[in-house]
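Hydrogens, waters and symmetry mates are skipped; everything else that's a heavy atom, side chains included, is used. All values derive from a computational prediction rather than experimental measurement.
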Amino acid sequence: MPISQLFILSPRGDKIIAKDYRADIVRGTDEIFFRKYKFWDGPGGGDTPPFFTVDGINYAFVKKNNLLLVVTTRTNMSAALLSELLLRLTKLLKDYLGVLNEESLRKNFVLVYELLDEVIDFGFIQTMSTEKLISYIFSEPVVIEAEDKKQSAVGTMKPSLSKITGRSGTKRAIDAQRTIVPGGGSRKNEIYVDVLERLNVVFNSNGGVTSAEIDGAIVMKSFLAGTPELRLGLNEDLSVGRADQHSYGVVLDSVNFHECVNHNDFDADKTLFFRPPDGEFVVMHYRVTNKDCSMPFKIHPIIEQPSPYKIELTLKIRSDFPASIYGSTVLIKFQVPKTTTSVSIENQNYEYKSQEKTVMWLIKKFTGATEQICKARISLGQPANANIRREIGPITMNFEIPMYIVSGLGIRFLRIEERSKTYNPSRWVRNITQANSYVCRII
């Protein structure tokens, strides 16, 4: 029986880590869970139980260091199994991160996702052994100091791993590269590169950007025969570090590289050299905080009150990217007042969940340089006032835009140092932009 989703929430309900293994449950389960966790109204009252069901989805969670580790499933799985999984996961994360807290997860999210990919495959548990995972994990942890001890995370983790294996992470990566299947055989000879950006954006009620952050990564999946050296070239106008107002080109706040990457020439000509390990790994992770970046969607909410018992919310959403590109499965959600009796929207694909007081508006294909308008007519059970109007929103968006990057980062070339002219693997490069937290506050 498989697990559908796994996510880790902060004490505020922010989604730090999220993994969807089967795509059989709609997005937003983290919000449903946190609402139930904070305002439990189920049988018995009191605190939220560690296992409960909402709309046919089973939730199980544990709380560790103020973090909420949650799994969801549609099947009737053993509660003891789910509890054991979550407890072992907390131990595994502590083994690798040294300190399990919000900061360590955010700074080591590449390592955490690498662990989750190995621990669970398509919802089925594979292994929870720190020793067995050593040979499959190549990312090194970022040093985090514990709040109660002036001891680094690497200092607490490295002895435990070295005690098990007797070798460092770098040595493991070198050893793994040497065990890659040599050239020849029937395996595929190709390589895939994804430039992936996740957006964290907050808009005000006028549609202006109040905060914007881009978490980006260059992800590579290698099926190459042998261990050829690759040369990856990025934008020539790329710079790292907060730039002044007169700077041009692509500016990244910070970057970090996989341990197999030689970045000695990065500052000079923006090229990286490496021998890729087999399978999927993150070549480079980067971060951008710039409110001046052109966001893919602009949200403009307008609230009107035609009568004491009626409120009309008009949403104008414009796509600010080329018309040749489109956003897929764009989902817009917003809360309505608790006294709402009904919601109606004309000429749009929407769903109103009366128990949760949530409206969901789905646009399967949002073409670039176009505008979509949604007018929601909200009927109330009592006259509207200022407090009721404050209960509307915020508006959240989930989307994915293929072949589009907000930061402007691009791959100029991907060259393979060939030993012979007959060695010419296939190379595939794509860009993807996703919404991680895309929010517009109405009031």
Side-chain angles (χ1 to χ4, degrees), residues 3-21 29-30 33-34 37 50 59-73 80-149 151-165 168-169 172-173 198 215 217 256 258-259 280-282 285 436:
I3 293 166
S4 297
Q5 298 169 324
L6 188 152
F7 45 87
I8 303 176
L9 304 181
S10 72
R12 304 174 302 280
D14 297 332
K15 186 163 55 176
I16 305 172
I17 300 293
K19 191 72 177 174
D20 191 346
Y21 289 103
T29 49
D30 56 308
F33 165 80
F34 193 71
Y37 173 78
Y59 295 80
F61 78 98
V62 297
K63 186 176 182 181
K64 185 73 172 179
N65 297 342
N66 288 325
L67 297 173
L68 296 167
L69 289 83
V70 189
V71 292
T72 66
T73 176
L81 173 63
L82 295 177
S83 178
E84 183 69 15
L85 166 66
L86 292 171
L87 291 174
R88 289 198 182 189
L89 182 60
T90 60
K91 180 180 181 300
L92 183 68
L93 292 174
K94 190 173 181 181
D95 285 344
Y96 275 87
L97 306 183
V99 178
L100 180 57
N101 56 29
E102 183 176 347
E103 184 183 10
S104 66
L105 289 175
R106 290 191 184 278
K107 290 191 176 181
N108 291 280
F109 81 95
V110 174
L111 171 60
V112 175
Y113 277 111
E114 193 174 0
L115 283 168
L116 294 180
D117 285 337
E118 298 296 338
V119 167
I120 301 174
D121 184 25
F122 197 58
F124 295 92
I125 303 170
Q126 303 300 307
T127 180
M128 301 296 291
S129 169
T130 303
E131 182 178 3
K132 291 181 178 179
L133 289 169
I134 288 293
S135 58
Y136 302 102
I137 304 302
F138 297 95
S139 298
E140 292 289 345
V142 177
V143 177
I144 303 294
E145 290 192 354
E147 294 178 358
D148 56 342
K149 295 180 180 180
Q151 184 179 13
S152 69
V154 172
T156 58
M157 186 209 70
K158 291 258 183 184
S160 63
L161 295 184
S162 60
K163 185 176 180 181
I164 293 172
T165 63
S168 67
R172 292 200 310 274
R198 295 185 174 92
D215 284 325
N256 58 66
H258 191 274
E259 60 188 11
E280 184 174 306
F281 71 105
V282 177
H285 172 254
N436 187 47

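Side-chain contact check for Y37 versus V70: every heavy-atom pair is 4.5 Å or farther apart. The side-chain heavy atoms of L81 and L85, taken from C-beta on, include no pair separated by under 4.5 Å. For the pair E84/I125, no side-chain contact is recorded, criterion being any heavy-atom separation below 4.5 Å from C-beta on. Using a 4.5 Å cut-off on side-chain heavy atoms (C-beta onward), L9 and K15 make contact. Residues L105 and L100 have side chains in contact (heavy-atom distance under 4.5 Å, counting atoms from C-beta outward).
Rounding to the nearest 0.5 Å places CE of M128 at 8.5 Å from CG of L86. The distance from atom OG1 of T72 to atom CG of L82, rounded to the nearest 0.5 Å, is 10.0 Å. Interatomic distance, I16 CD1 to E102 CD, rounded to the nearest 0.5 Å: 4.0 Å. The distance from the OG1 atom of T29 to the CD atom of Q5 is 3.5 Å, given to the nearest 0.5 Å. Rounded to the nearest 0.5 Å, atoms CD1 (I17) and CZ (F7) are 12.5 Å apart. Atom-to-atom distance recorded for D95:CG and L133:CG is 10.0 Å, nearest 0.5 angstrom.
Separation of the F138 and F281 ring centroids does not fall under the 6.0 Å cut-off.
For the pair P141 and Y96, the tightest heavy-atom approach, listed with the atom from each and the gap, is CB-O, 3.6 Å. When all heavy atoms of L116 and Y21 are compared, the pair lying nearest together is O-OH, 3.1 Å.
In this structure a side-chain-to-backbone donor-acceptor pair under 3.5 Å is present from N101 to E103.
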Please assess V112 against L97 for the test side-chain contact (heavy atoms from CB on, under 4.5 Å), listing each intermediate value before the final yes or no.
CA-CA 9 Å; V112 175; L97 306 183; 4.2 Å; yes

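Residue pairs meeting the side chain to side chain donor-acceptor pair (under 3.5 Å) criterion with at least one partner in residues 111-121, sequence neighbours excluded, are K19-D117, E114-S139.
Environment of CZ in R88: sparse, with no more than 12 heavy atoms of neighbouring residues, nucleotides or ligands closer than 6.0 Å.
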